[in-house]
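These values consider heavy atoms only, across backbone and side chains, with no hydrogens, waters or symmetry-generated copies. Convention: sequence-line order gives letters A, B, ...; per-chain numbering from 1.
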Amino acid sequence: MIKQQITEKLEEIIGKYAKEKGIENFVFSVEEPPKNIDADFAVNAAMLLAKRIKSNPRIVAAEIIDLILRDLSGFVDKAEIAGAGFINLHLKNEVLFNELEKILSAKDKYGSKESNNKEKIMVEFVSANPTGPLHIGHGRGAAIGDSLSRVLKHLGYDTTKEYYLNDVGNQMLVLAESVRVRYLQLKGDDIPFPADHYQGDYIKDTAKRLIAEGKNIDEIDFKKEAVKDILATIESDLKDFAVEFDNWFSEGKIAFDKDADGKTEVDKSCEYLLSKGDAYAQDGALWLASTKFGDDKDRVLKRSDGRYTYLASDVAYHKNKFERGFTKLVNLWGADHHGYVARINACVQMLGFSKETLKVILYQLVSLVRNGQPVAMSTRTGEFITLKEVIDEVGKDACRFFFLLRAPDSQLEFDLELAKKQSSENPVFYVQYVNARCNSIFRESKSRTDITENADLSLLNTNEERVLIKKLAAFCDTLSVCEKTMSPHHFTAYLIELADIYHKFYEKCRVLSDDSALTSARLKLIEAVCVIIKNGLDMLGVCAPEKM
RNA sequence: GCGCCCAUAGCUCAAUUGGAUAGAGCGUUUGACUACGAAUCAAAAGGUUAGAGGUUCAACUCCUCUUGGGCGCGCCA
């Protein structure tokens, strides 16, 4: 929270200065300088402002520094010009000690805001068709979506996690038929299984269950039975992955459920678009005029045979989201759906919302490799690696951490053999080890009677301790970067860096020593480390065990 | 053919959205446990950020082109 504080104060001081020079709404940034620079924060305002007012950056910097030293003497020890005109700030140690106190008193609430009423956010993710178990690619979407939601919740946003269930459409008919054929085969009928139907064993499992239940074939709703089993599997796999949804939204609800007038939500949203002139009839079909909002062609909503397309449902679904009061929609889609972004963006604007209301996060697909050979990932052939298999092999924590190590838009190669080996080499253990080490010290410290709760934190004055406290405070900065970029992957990098700093501190500064006052202070410091490590791992949905 | 994404150390990836000498893990080389956990630390090696131009005080980051890879272009979902 230090950086935010300083930034706000600098914005006030420098903003006023810029205004005097005739520049309104001057924007600059406060950054962490590179490691070789001895300073806590770097400000680039002088370079940017000098350009605007056609002056020398170093002259501008000198004037700003005077103002900083005058108005921020409680925070800043030293301010100096460096390089092309950076203003480097050195913080007073008291600022760091105060922040440490804040972490210790706020604990898991550190960096959180009680309520942030700016937005009511829906994060929709996974949303895999209920035609088979989740595969590894869904795992990536699940990890990103769930962690992003955790970050947004921590920041005080009213956040809802939703799974959109595509339980309507052709693939459902194929699914039902797949189970029916397996059922008949198990009953002894010598009939072939169609090559384009779902091949997986889970289809046979459902068929077996139906036979065991002894129902007459005429009484069986094969679609319903298959979806029931598959959903149970999906839900259980997600639970093992520490992902729980606030809501499961069935496409059937908007496609089949009718109101008093006998209309579905899909009917009504199409009528709405027609009335607004955003949909039109042509060639016997109903079209969405998505080119009006930047799509490269118009799209069919209702086929000439009278059946709605998937898009029609999706329009109604997004309309429904808005009707539920959401002001910000986040959709996580696999990159193979990117062609769909333009039309759904158009649809959001037709519904009267700005383009920015919807944020589609495309995550690149995971390509699987086993023994150097690419593994195909088709649900229909049955040759896929499920999320469950990977969790069973490498563990939930390592798996989530691995997925969150990468930015969503970078392609990711997942080597199954490598993943197995990583059980002791994965960076997640490096981070978790910090918590284990701290707790080991806590256990050891229990036998001491000279420890005081009111430790004098100002004794924490080595360089290692200073660097460590600064990094702890940067937890808040990481939160805001994740918020700004709508991606939680910055937390893995942050935690690895924090762990690195902690392990260095551990080697250099012994916590339990003959010096009671210093021991007490350092125990407080590592208590804060545990708070931040736990909070950070919690953002990722990863555990922080006390023993490993 | 058109469109979207990507290309960074031997490998897998970061880089605070335009900042200073581009960082981690794995792998390689060398060293450190008779005090809190060696799942650790210290040190070394490893880069023309695919290539070429351009914008800028400042470019891995923005623009143009080239090359290479992934994905998408249906009255499928």
What I want to check is whether the side chains of [X] and [Y] have a donor and an acceptor closer together than 3.5 Å.
X      : Y      : value
A:R448 : A:S516 : no
A:N331 : A:H318 : yes
A:S313 : A:E251 : yes

Take atom [atom1] in [N] and the same atom in [M], then report the distance between them in whole Å.
N      : M      : atom1 : answer
B:rG1  : B:rG46 : C1'   : 42 Å
B:rG68 : B:rC60 : P     : 25 Å
B:rU29 : B:rC71 : C1'   : 41 Å
B:rU40 : B:rU48 : C1'   : 36 Å
B:rA22 : B:rG3  : P     : 36 Å
B:rU67 : B:rG10 : C1'   : 23 Å
B:rA14 : B:rA9  : C1'   : 13 Å
B:rG47 : B:rC11 : C1'   : 15 Å

Taking only the side-chain heavy atoms of [X] (C-beta and beyond), determine which of [options] contains the nearest atom.
X      : options                : answer
A:R510 : B:rA39, B:rC13, B:rA35 : B:rA35
A:Q411 : B:rG25, B:rU17, B:rC6  : B:rC6
A:N36  : B:rC5, B:rC36, B:rA20  : B:rA20
A:R437 : B:rA20, B:rU16, B:rG37 : B:rG37

Side-chain N or O of [X] less than 4.0 angstrom from OP1 or OP2 on [N]?
X      : N      : answer
A:H490 : B:rA15 : yes
A:S410 : B:rA7  : no
A:Y506 : B:rC33 : no
A:K35  : B:rA24 : yes

For B:rC62, the nucleotide meeting Watson-Crick or G-U wobble distances (both under 3.5 Å) is B:rG54
If pairing means Watson-Crick or G-U wobble with both distances under 3.5 Å, then the partner of B:rA38 is none
Are [X] and [Y] close enough for a salt bridge, meaning some N to O gap below 4.0 Å?
X      : Y      : answer
A:R522 : A:E465 : yes
A:K321 : A:E124 : yes
A:R437 : A:E507 : yes
A:K471 : A:D500 : no

By ring-ring contact (aromatic ring centres under 6.0 Å, His included) - contacts of A:Y506 (at least two apart):
none
Residues passing the ring-ring contact (aromatic ring centres under 6.0 Å, His included) test with A:Y317, sequence neighbours excluded, are A:Y164, A:F249
Could you tell me whether [X] contacts a base, only the sugar-phosphate backbone, or nothing, with contacts defined as non-hydrogen atoms closer than 4.0 Å?
X      : answer
A:C509 : base
A:K3   : base
A:A342 : nothing
A:L48  : base
A:V481 : sugar-phosphate

Letter by letter from the 5' end, nucleotides 72-77 of chain B scores (B base, S sugar-phosphate only, - none; protein heavy atoms under 4.0 Å) SS-BSB
Residues which pass side-chain contact (heavy atoms from CB on, under 4.5 Å) with A:I59, listed by chain and number, not counting sequence neighbours
A:N56, A:E63
For the pair made of [atom1] in [X] and [atom2] in [N], what is the distance, rounded to whole Å?
X      : N      : atom1 : atom2 : answer
A:L412 : B:rA7  : CG    : C1'   : 15 Å
A:I144 : B:rC5  : CD1   : C1'   : 14 Å
A:Q432 : B:rA38 : CD    : P     : 17 Å

Which residue pairs pass the side-chain hydrogen bond (donor to acceptor under 3.5 Å, both in side chains) test with at least one member in residues 332-348 of chain A, sequence neighbours excluded?
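Pairs touching residues 332-348 of chain A that pass the test: none.
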List the steps, then state whether side-chain contact (heavy atoms from CB on, under 4.5 Å) holds for A:Y308 with A:D267.
CA-CA 9 Å; A:Y308 286 112; A:D267 292 332; 2.5 Å; yes
Output yes if the stacking criterion (under 5.5 Å between centres, under 30° between planes) is met for A:F86 over the base of B:rA20, else no.
yes
Determine if the base of B:rU17 is syn or anti; take syn to mean the glycosidic torsion is within 90° of 0.
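B:rU17: syn.
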Give, ordered by number, those residues of residues 491-500 of chain A having at least one heavy-atom distance below 4.0 Å to an atom of RNA chain B; if nothing qualifies, reply none.
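By residue number: A:A493, A:I496, A:D500.
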Taking for each residue the nucleotide of RNA chain B bearing the nearest heavy atom, is the 5' side occupied by A:K504 or by A:A407?
A:A407
